[in-house]
Amino acid sequence: MLQIQHLGYDSWRTIYFQRATVLLSESVLIYALYMYENVSNDARLQLTFYSFVQSSPPSSKKQSHAAAVSILLSPGLLIIDHIHFQYNGFLYGILILSIVLARQESGLLASGVLFAALLCFKHIYLYLAPAYFVYLLRVYCLGPRSIFDIRILNCVRLAAGIGIVAALAFGPFVYYEQIPQLMSRLFPFSRGLCHAYWAPNVWAMYSFTDRVLILFAPYLKLPVDTEAVNSVTRGLVGDTSFAVLPNISPRMTFILTLSAQTPALIKLFLSPTWHTFISTLTLCGYASFLFGWHVHEKAILLVIIPFSLLALKDRRYLGAFRPLAVAGHVSLFPLLFTAMEFPVKVVYTILWLIVMLMVFDRVAPASEKARVFLLDRFSLLYIAVAIPLIAYCSLIHQLVFGAKYEFLPLMFISSYSALGVVGSWVGFLVVFFTS
Amino acid sequence: MPPTSSSHRPRKKRKQEPTTSSSNGAVTLDLVSRKEKPAFPLVAFFWPARGTSTSQWVLLPCILMTVGLFRWCTGIWPYSGFHKPPMHGDFEAQRHWMEVTTNLPVTHWYFHDLQWWGLDYPPLTAYHSWVLGRIGALINPEWFALYLSHGLDDMDLKVFMRASVMVSEYFVYIPAAVICVRHMARTHHINSWESSVALTAILMQPATILIDHGHFQYNTVMLGFVLGTLSSILAGRRLWSCVFFVGALGFKQMALFYAPAVAAYLAGACIFPRIDVVRFFSIAIVTLASFALLYLPLLLGTLRDTYRSIPLSADVILPPLLSTLPFELSEKAWYYPYLVQLAQSIHRIFPFARGLFEDKVANIWCGVHSSGLHKLNQYSSTLLSRAALGLTLVSITPPCAIIFLKPKKRLTPLAFAATAWGFFLCSYQVHEKNVLLPLLPMTLLLSSEGGMKPVIRAWVGYANLLGCWTMFPLLARDELRIPYFVLTLLWSYLMGLPPCGLSAYSSTAEGSGLYWTTKTVHLATYAAMLVWHCVEFFVPPPSSKPDLWVVANVCIGAAGFGMCYLWCLWSLMDESGLLVNLGLVESPKAEPEKKKQ
């Protein structure tokens with residue numbers, strides 16, 4: 001079973017085993033979400049590990065409970081982990097544990113070390129690292145009153161902890177001199193800007209605009225790169241080039257990502273509270289998902305999961321969360337393509353959306369500040385459009401066109417989802433910077 | 001923190017959830033805190049939807065989606081006969097009927113090769129197969145190509161067939177269940193929240209899901225018609241109940257299990273409290289008309305084939321039923337082909353020539369025979385079938401007599417259950433899957449008054465879990481062990497029953513009312529089931545008796561089902577007030593008092 005030559009080995013026993021490992025490793029997530037007995041700041045907290053639910057103050061217990069259930073039952077995790085097959089439940093469990101630890105002064109070191117370990121499991125979490133860096137720097141390494149009051153001991157502790165984790169993870173590879181090979185595998189800049197199925201980010205909208213402009217280019221007298229016309233939609237992992245719009249380099253995406261993260265990081269540095277920390281994590285996730293190089297649609301969980309912890313803070317947050325919940329999960333649909341899986345993904349997601357959005361709607365408290373009118377009143381319309389869209393992409397398109405224009409449904413789904421993700425990002429930015 | 005200005009108040013006003021008094025026991029009072037709390041986990045899932053705050057328009061779709069997901073996920077597992085040549089299994093039978101009905105002229109349907117899964121279900125199944133076969137052939141004609149498609153195991157075909165079960169169920173069984181539970185609620189004055197809980201419990205019945213979506217059959221269509229019959233009776237529409245019941249019979253002859261109860265109820269309704277001749281004749285006419293409608297397509301098809309003079313194949317054996325007709329039959333007569341068709345379909349549907357029991361099934365005959373109490377193969381099959389008939393009559397007479405003498409709507413589910421148990425235990429040619437028939441009306445009791453209280457919940461749960469357990473050998477053959485464990489344990493957890501909970505047995509609160517004997521017997525049976533699973537898993541049966549574990553399963557099952565029969569009969573007598581009339585039970589005021597609670 002574990003012999004590398006056996007690629008594509010899929011006996012029933014192997015499937016049972018692998019699926020069972022996913023289920024088992026997900027217990028970390030359950031632990032992180034539930035485990036502890038929280039009483040906001042008494043001594044017991046020091047002894048027990050805490051979970052997200054337990055660490056929240058009694059007044060918001062109901063909300064944290066709802067958020068925890070929504071993460072645990074998330075269709076994203078179901079689709080990616082239990083059907084598509086990955087271990088995200090486990091990894092997000094570690095992430096949430098680390099976030100929760102950061103809530104308490106005493107847990108900061110553990111939080112940082114845990115995050116370092118998480119990075120060694122999957123480097124996609126590097127996208128969230130800036131928020132961790134700023135938060136730990138401000139709260140743990142610098143004194144509470146002045147930023148010039150450097151706490152050396154804490155710095156040494158944190159550095160040692162992270163160093164040990166990194167040494168454990170990368171040591172063997174350093175020993176066998178495998179690092180260059182490792183790095184080239186981890187950071188595949190040789191791949192294209194967009195993944196095969198266009199993750200719903202800014203680049204998907206960019207590509208969509210490009211496609212549309214190809215049609216209108218003759219009228220607008222724009223130059224068209226004929227070689228590129230057929231490339232974007234071929235669906236292969238490769239270099240993406242644009243026909244009308246300028247091409248994008250990895251460096252540009254990097255700069256865009258960082259500059260999108262910076263304002264939030266500055267705010268976090270200035271007011272380092274736990275809620276700002278989660279908000280910044282979410283915004284880092286957004287920035288990297290929206291502007292990153294070769295983003296996979298699975299990375300949307302990087303946004304959804306931290307945001308879920310926050311969505312119930314008050315109704316303004318919930319307003320920004322709603323389109324994200326719809327768009328993020330709809331964008332995962334193309335991952336599963338067999339007829340048997342189709343009803344599972346669609347019905348489960350719709351069920352989750354109905355139940356969770358209703359519950360969220362009921363438990364989210366009214367906000368203390370007046371809500372800014374922003375596109376959130378269109379979100380109902382946006383959500384409603386999802387239904388005909390799914391019906392078209394999964395059924396009607398096949399009936400009308402057969403196997404032709406296979407890229408059309410994918411393009412529609414990712415453009416639609418991109419709209420929702422960008423919309424919720426803008427909404428969240430407004431909430432974040434006005435509160 | 002209360003909002004200070006109205007601009008950012010939640011748009012909708014939140015209603016204070018009114019505490020609705022529970023009438024069927026889903027809610028219990030915590031003795032310490034005097035607070036209401038859910039009686040078992042399934043109720044806890046519905047807790048946020050209590051009161052009027054959640055509309056049925058949201059709750060019902062959510063229930064249907066949830067149960068649909070469980071059904072579909074069961075369908076991902078293998079079906080009976082998957083990769084099992086030469087004969088495959090029920091899946092192949094259903095597929096083959098689609099092949100036969102879409103490819104052959106109507107007159108050949110009931111004559112085509114019996115050996116390879118010949119069509120032996122009533123005409124409605126044949127029409128159903130025809131419709132599904134037509135639709136399937138549009139997608140991929142190879143699935144139903146005549147002869148060439150035998151034993152096909154195509155993955156897309158599996159999806160199509162699974163989807164056809166789902167769609168049939170959502171067209172017949174699910175609406176029928178929803179409506180029937182509504183009518184039950186109205187008859188018993190249950191609030192809509194509690195009936196939603198009961199509906200979920202009924203739709204999550206593990207046995208039905210496992211057989212229809214795992215093993216592969218279309219039982220739910222027949223059961224849906226039976227539910228239609230029941231809800232028509234509950235709504236007082238007796239004529240519609242005849243139509244639906246003919247539909248059930250026309251889909252699967254096994255609905256005969258209920259026939260005596262239906263007939264007794266309808267006859268009773270014509271006689272008590274006063275003789276109503278008009279009602280009697282309208283029932284008779286509607287029933288005959290529905291049978292005529294049932295056979296009409298078959299006969300019209302025969303007309304077409306006669307007109308186009310398509311002969312039957314040369315080697316057909318005419319049904320023996322024809323020779324028993326009291327008059328001389330001429331092959332030239334215009335009605336001859338129709339009679340042949342009718343006789344042949346009846347001959348196929350009721351295979352008197354087969355044995356007393358087929359596989360190992362947990363009824364009296366198989367229990368007596370295989371436990372070694374008394375070997376039955378020393379008797380001739382005529383004697384055995386007569387004995388079966390006699391015993392069945394004995395077992396179904398009491399419930400039918402009660403429902404005949406007291407034709408009350410609220411007694412019908414119990415009467416149906418008792419009659420079906422009688423048939424299941426004593427009759428001829430029973431299959432282990434037929435346990436679904438008594439289970440359905442019994443599970444329906446959950447939506448009756450006090451249906452969630454420990455007494456009924458314990459008995460309904462006992463019957464259901466025992467029923468699933470007796471089907472385990474069948475499911476294990478189909479490689480459905482994991483869905484079996486998941487669905488059964490899930491249901492027992494949701495209902496707070498062993499092995500996942502003891503709430504039905506431990507509650508000492510008033511109204512629990514389980515006798516200690518009942519508790520002992522139930523818990524002993526649950527323990528036996530658990531031990532049996534361990535033994536079956538770890539210890540191979542002795543080589544001289546390879547079926548030993550199955551036999552043990554059958555014997556325990558038969559004993560347990562016997563008790564379920566007795567309980568249904570006893571509750572029926574109790575509910576009908578017969579016990580009071582006969583002076584067997586004192587305190588004639590008990591019933592009105594109970595209602596006040």
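We name chains A, B, ... by the order of the sequence lines, and we start the count at 1 in each one.
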Test side-chain contact (heavy atoms from CB on, under 4.5 Å) applied to Met65(B) and Tyr348(A), step by step: CA-CA 8 Å; Met65(B) 282 196 267; Tyr348(A) 188 81; over 6 Å; no
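Here the CD1-CG distance, from Ile354(A) to Leu59(B), works out to 11.0 Å after rounding to the nearest 0.5 Å. Here OG1 of Thr66(B) is found 4.5 Å from CG of Leu351(A). Values are rounded to the nearest 0.5 Å. Atoms OG1 and CD1, from Thr338(A) and Ile76(B) in turn, are 8.0 Å apart once rounded to the nearest 0.5 Å. Annotation: the span from Met340(A) atom CE to Cys73(B) atom SG amounts to 8.5 Å, rounded to 0.5 Å.
For Phe85(A), the CZ atom is densely surrounded, since the number of other residues' heavy atoms within 6.0 Å is greater than 12. Heavy-atom contacts from other residues, nucleotides or ligands closer than 6.0 Å to CZ of Phe45(B) number 12 or fewer.
Contacts between Val344(A) and chain B at a heavy-atom distance below 4.5 Å involve backbone atoms as well as side-chain atoms.
Minimum interatomic distance between Trp72(B) and Ala339(A) (heavy atoms only, all atoms of both residues): CZ2-O, 4.3 Å.
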